[in-house]
Amino acid sequence: MSQPETGYRFSMDPFILAAHIQPAGIEKIVDIGCGCAIMPLILALRWPGLNIIGVEIQKELSGFARQNIIDNRLESTIRIIHEDINNIRVSDINGPAGIIISNPPYIKKDSGRLNPDSQKAIARHEITLDIDMLFYCSNRLLQTRGRLYVIFPADRLPDLVLTMERYKYTPDFIRFVHIKKNSAAKRVILCAMKNSAVKNSDKPCVIHPPFYIYASENRFSHEYVSMFRS
């Protein structure tokens with residue numbers, strides 16, 4: 001798995017999100033902001049037969065993504081598009097997707113210190129992609145009742161919920177990610193379904209048990225370790 005020696009390097013977030021994606025019965029997945037294609041690679045190896053498309057706006061990262069796909073002999077399964085997601089149409093992905101996944105930029109554009117490294121800045125700050133744009137583009141590219149999976153800072157859950165309601169998505173499940181027990185949640189995983197309010201009006205949103213990275217001070221949790229097994 002190759003990524004830039006300097007500039008943006010992926011964290012554990014894509015591993016955690018990928019572990020929660022269940023594409024059974026789904027043929028096509030689109031990763032918005034795929035970076036070096038870590039999530040497409042994980043999903044392709046775990047779920048053979050998928051058609052996965054990664055969209056990445058940054059040229060260098062899309063180049064790493066393509067090379068990683070070649071190195072893992074997954075050219076027939078994964079395709080990378082170097083483009084702004086705003087410019088992608090359903091025809092570009094050969095029909096609507098069943099699932100869209102994203103580990104999007106998580107720092108509001110006008111808050112926090114903007115990283116001087118442009119690659120890191122674009123990956124972390126809402127410069128070229130924000131939550132509203134993610135739902136807007138997903139709404140265009142997803143099939144009816146298709147699912148959107150996102151991992152995001154836990155303290156920005158209200159932003160996710162408000163945007164989800166604006167675009168008439170229904171929450172399927174929510175799960176909070178903690179570093180360890182008795183610590184505040186650092187991330188939240190949200191799975192939302194497009195245009196499902198009428199048919200699933202009585203279906204409750206499932207709040208899954210917390211996901212812990214550490215089980216004790218120096219020991220990773222069993223669930224965290226299991227993410228790295230095939």
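What's counted below: heavy atoms across the whole structure, side chains too, no hydrogens, waters or symmetry copies. Every value quoted in this text rests on a predicted model; they were computed, and no experiment measured them.
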- Look up atom CZ in Phe211 and atom NZ in Lys186, then write down how far apart they are to the nearest 0.5 Å. 15.5 Å
- Message: Do Asp172 and Val206 have side chains that approach each other closer than 4.5 Å (heavy atoms only, starting at C-beta)?
- Response: no
- Note on the structure: So NE2 of His82 and CD1 of Ile80: to nearest 0.5 Å the spacing works out to 11.5 Å
- Task: Give a yes or no on whether the backbone of Val150 and the side-chain of Ser102 come within a donor-acceptor separation of less than 3.5 Å.
- Result: no
- Can you establish whether the number of heavy atoms outside Tyr136 located under 6.0 Å from its atom OH is more than 12? no
- Is the shortest distance from a Lys or Arg side-chain nitrogen in Glu223 or Arg175 to a carboxylate oxygen in the other one below 4.0 Å? yes
- Note on the structure: Shortest non-hydrogen pair, Ile42 vs Ala18, comes out as CG2-CB, 3.9 Å
- Test log, rule side-chain contact (heavy atoms from CB on, under 4.5 Å), inputs Trp47 and Ile29: CA-CA 11 Å; Trp47 302 84; Ile29 296 179; over 6 Å; no
- Query: Hey, does Asn87 have a side-chain heavy atom less than 4.5 Å from the side chain of Ile85?
  - Reply: no
- Task: Just jot down the side chain to side chain donor-acceptor pair (under 3.5 Å) partners of Asn51, sequence neighbours excluded, or say none.
- Result: none
- Do Tyr224 and Met12 have side-chain heavy atoms sitting under 4.5 Å apart? yes
- Task: Kindly say whether Leu74 contributes a backbone atom to a donor-acceptor pair with the side chain of Asn72 at under 3.5 angstrom?
- Result: no
- Message: Before you tell me yes or no, could you show the steps for Asp84 and Glu56 under side-chain contact (heavy atoms from CB on, under 4.5 Å), namely the whole-Å CA-CA distance, both residues' side-chain angles and the distance that decides it to 0.1 Å?
- Response: CA-CA 7 Å; Asp84 186 331; Glu56 175 53 53; over 6 Å; no
- Would you say Phe173 and Ile189 make side-chain contact, with heavy atoms under 4.5 Å? yes
- Task: For residues Pro23 and Leu50, determine if any side-chain heavy atom of one lies less than 4.5 Å from a side-chain heavy atom of the other.
- Result: yes
- Query: If two hydrophobic side chains count as joined below 4.5 Å and joins carry through other members, does Leu162 share a cluster with Leu190?
  - Reply: no
- Tell me whether Phe15 is reachable from Val225 by hopping between hydrophobic residues (I, L, V, M, F, W, Y) whose side-chain heavy atoms are closer than 4.5 Å. yes
- Query: Can we call the ring centroids of Phe220 and Tyr214 under 6.0 Å apart?
  - Reply: yes
- Item | Heavy-atom pair of closest approach, residues Met39 and Leu17 | SD-CD2, 3.7 Å
- Got a donor-acceptor contact below 3.5 angstrom from the Asp92 side chain to the Ile88 backbone? no
- Could you please spell out the steps behind the side-chain contact (heavy atoms from CB on, under 4.5 Å) verdict for Arg187 and Asp13? CA-CA 8 Å; Arg187 295 286 186 268; Asp13 289 0; 2.7 Å; yes
- Distance from Leu148 atom CG to Met193 atom CE, nearest 0.5 Å? 11.5 Å
- Task: Taking atom CZ of Arg73 as the centre, report whether more than 12 heavy atoms of other residues, nucleotides or ligands fall under 6.0 Å from it.
- Result: no
- If every non-hydrogen atom of Ile38 is compared with every non-hydrogen atom of Pro14, which pair is closest and at what distance? CG2-CB, 3.6 Å
- Query: Roughly how far, to the nearest 0.5 Å, is CD1 of Ile53 from CD1 of Ile93?
  - Reply: 5.0 Å
- Item | Backbone N/O of Glu60 and side chain of Gln58: donor-acceptor pair under 3.5 Å | no
- side-chain contact (heavy atoms from CB on, under 4.5 Å) between Ile101 and Ile21, intermediate numbers included: CA-CA 8 Å; Ile101 61 177; Ile21 297 165; 3.2 Å; yes
- Query: With a 4.5 Å heavy-atom cut-off, do Arg166 and Asp132 have their side chains touching?
  - Reply: yes
- Do you know which two heavy atoms are closest between Leu134 and Leu129, and how far apart they sit? N-CD1, 3.9 Å
- Query: Counting only N and O atoms by type, is there a donor-acceptor contact under 3.5 Å from the side chain of Lys194 to the main-chain atoms of Thr144?
  - Reply: no
- Task: For Ala154 and Ala185, work out which heavy atoms get closest and say how close.
- Result: CB-O, 3.6 Å
- side-chain hydrogen bond (donor to acceptor under 3.5 Å, both in side chains) partners of residues 22-35, not counting sequence neighbours, each pair once: none
- Answer whether the closest heavy-atom distance between the side chains of Leu142 and Tyr169 falls below 4.5 Å. yes
- Item | His178 side-chain N/O to Ser183 backbone N/O, donor-acceptor pair under 3.5 Å | yes
- Item | Side-chain heavy atoms of Glu75 within contact of Ile70, under 4.5 Å | yes
- Note on the structure: Between Arg140 and Asn86, the two heavy atoms sitting closest are NH2-O, 3.7 Å
- Taking the side chain from Asn139 and the backbone from Phe135, do they hold a donor-acceptor pair closer than 3.5 Å? no
- Message: Rounded at 0.5 Å granularity, tell me how far OG1 in Thr163 sits from CE in Met133.
- Response: 12.0 Å
- If you measure from NZ on Lys180 to OH on Tyr212, what distance do you get to the nearest 0.5 Å? 12.5 Å
- same_hphob_cluster(Leu43, Leu45) at 4.5 Å side-chain heavy-atom cutoff: yes
